There are 2 protein chains.
Amino acid sequence: MVKKLTKTPGSALRLRVHLDAEAFLGPGKADLLEGIAATGSIAAGGRRLGMSYKRAWLLVETLNGYFAEPLVTAATGGKAGGGAQLTRLGQEVLARYRAMLAASEAACAKDIAALRKLRAKKTR
Amino acid sequence: MVKKLTKTPGSALRLRVHLDAEAFLGPGKADLLEGIAATGSIAAGGRRLGMSYKRAWLLVETLNGYFAEPLVTAATGGKAGGGAQLTRLGQEVLARYRAMLAASEAACAKDIAALRKLRAKKTR
DNA sequence: TGCCGTTATAGTTTTTGAAACATAACGGAG
DNA sequence: CTCCGTTATGTTTCAAAAACTATAACGGCA
């Protein structure tokens with residue numbers, strides 16, 4: 001199997017933010033938003049996370065359904081076949097998720113270090 | 001269906017702490033540890049989370065395997081049929097997880113509120 | 001007009017995780 | 001010496017998630 005990027009590589013934390021019962025935001029959606037912003041396409045953004053286009057597209061649809069306005073807008077055809085971008089709202093949501101993750105990591109750093117130390121011997 | 005406790009009821013955050021590639025601690029294991037501490041048994045602790053004994057026991061086994069010393073000790077037979085308790089290590093791990101969750105919630109509160117506000121209209 | 005990469009969907013299959021079911025043993029109490 | 005609730009495990013079933021496959025349409029461009 002080809003090596004695929006692990007989601008949110010450097011982080012020891014996985015954060016899932018529940019907006020309410022049926023809307024939540026986790027690493028998968030956040031990373032995808034980031035990928036779309038970086039590549040300008042749903043397909044390419046998903047590819048570098050090792051996910052199929054269908055899965056990526058489904059996540060985008062879900063995300064867009066969460067809010068009154070879409071987070072991602074897309075167009076078909078054209079020079080590059082089409083493309084997608086984050087709306088202002090999409091950028092804000094992504095930025096806030098990143099901010100929360102960073103803040104949480106900072107807040108948990110010392111406990112994580114302590115736990116890892118406790119586990120030390122049993123690296124197996 | 002009978003109403004079952006939702007995991008970590010009041011929280012908008014779900015935190016999964018990765019000690020390394022094959023060891024991580026999320027809401028399920030943490031809540032179970034708490035249940036065991038509160039009830040004195042794996043079975044009862046799991047029941048109130050709506051999980052089968054087998055699942056609860058499996059989680060305990062996994063947890064115990066993470067560290068050099070067990071987090072939970074259990075005994076069979078006896079007055080109440082048996083029972084289980086958290087070791088000192090188990091208590092510490094649980095306390096640290098709770099601390100991390102609380103710290104993260106505090107750190108994320110304002111972003112979560114902002115996101116919820118953005119979502120406002122679309123309560124569906 | 002035909003090509004290309006992408007968006008947009010539908011349908012099917014495969015994989016995986018959870019649940020359900022089934023037993024055995026333990027040990028104090030009645 | 002039987003009963004009870006629990007620990008401890010194996011096996012089987014089922015459902016949900018993810019992966020895979022298949023199309024169609026779009027719109028610049030050569």
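Naming: A, B, ... by sequence-line order, numbering from 1 per chain. On a predicted model such as this, the values are computed, not experimentally measured, just so you know.
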Any side-chain heavy-atom pair of B:Ile112 and B:Leu13 under 4.5 Å: yes
Side chain of B:Ile42 - closest among D:dT7, D:dT9, C:dT7: D:dT7
Qualifying ring-ring contact (aromatic ring centres under 6.0 Å, His included) pairs with a residue from residues 94-120 of chain B, counting only residues at least two apart or across chains: none
Pairs where residues 19-48 of chain A contributes a residue and the test ring-ring contact (aromatic ring centres under 6.0 Å, His included) is met, not counting sequence neighbours: A:His18-A:Phe24
Per-nucleotide protein contact string for nucleotides 22-28 of chain D, where B marks a base within reach and S marks sugar-phosphate only (heavy atoms under 4.0 Å, - for neither): ----BBS
Among C:dT6, D:dT6, C:dT9, the nucleotide that comes nearest once only the side chain of A:Glu61 is considered: C:dT9
Partner set under salt bridge (Lys or Arg N to Asp or Glu O under 4.0 Å) for B:Arg96, not counting sequence neighbours: A:Asp111, B:Glu92
Euclidean distance, atom CG of residue B:Leu59 to atom C1' of C:dA18 [Å, nearest integer]: 11 Å
Protein-nucleotide distance (A:Ile36, atom CD1; C:dG5, atom P), rounded to Å: 20 Å
Length of the OH-P vector between A:Tyr53 and D:dT21, whole Å: 18 Å
Test item: A:Phe67 and A:Leu19 side chains (from C-beta on) under 4.5 Å apart, heavy atoms: yes
Sequence-distant partners of A:Ala43, side-chain contact (heavy atoms from CB on, under 4.5 Å), two or more places apart: A:Ser41, A:Arg47, A:Tyr53
N or O in side chain of B:Arg55 less than 4.0 angstrom from C:dG17 OP1/OP2: no
C:dA8 phosphate, OP1 or OP2, under 4.0 Å from A:Trp57 side-chain N/O: yes
Touch class at under 4.0 angstrom, heavy-atom based, for A:Ser52 against every strand present: nothing
Touch class at under 4.0 angstrom, heavy-atom based, for A:Ala44 against every strand present: nothing
Residues which pass side-chain contact (heavy atoms from CB on, under 4.5 Å) with A:Thr76, listed by chain and number, not counting sequence neighbours: none
Nearest-angstrom distance from the residue atom CE of A:Met51 to P of D:dA17: 16 Å
Separation of C:dA10 P from A:Leu58 CG (nearest whole Å): 10 Å
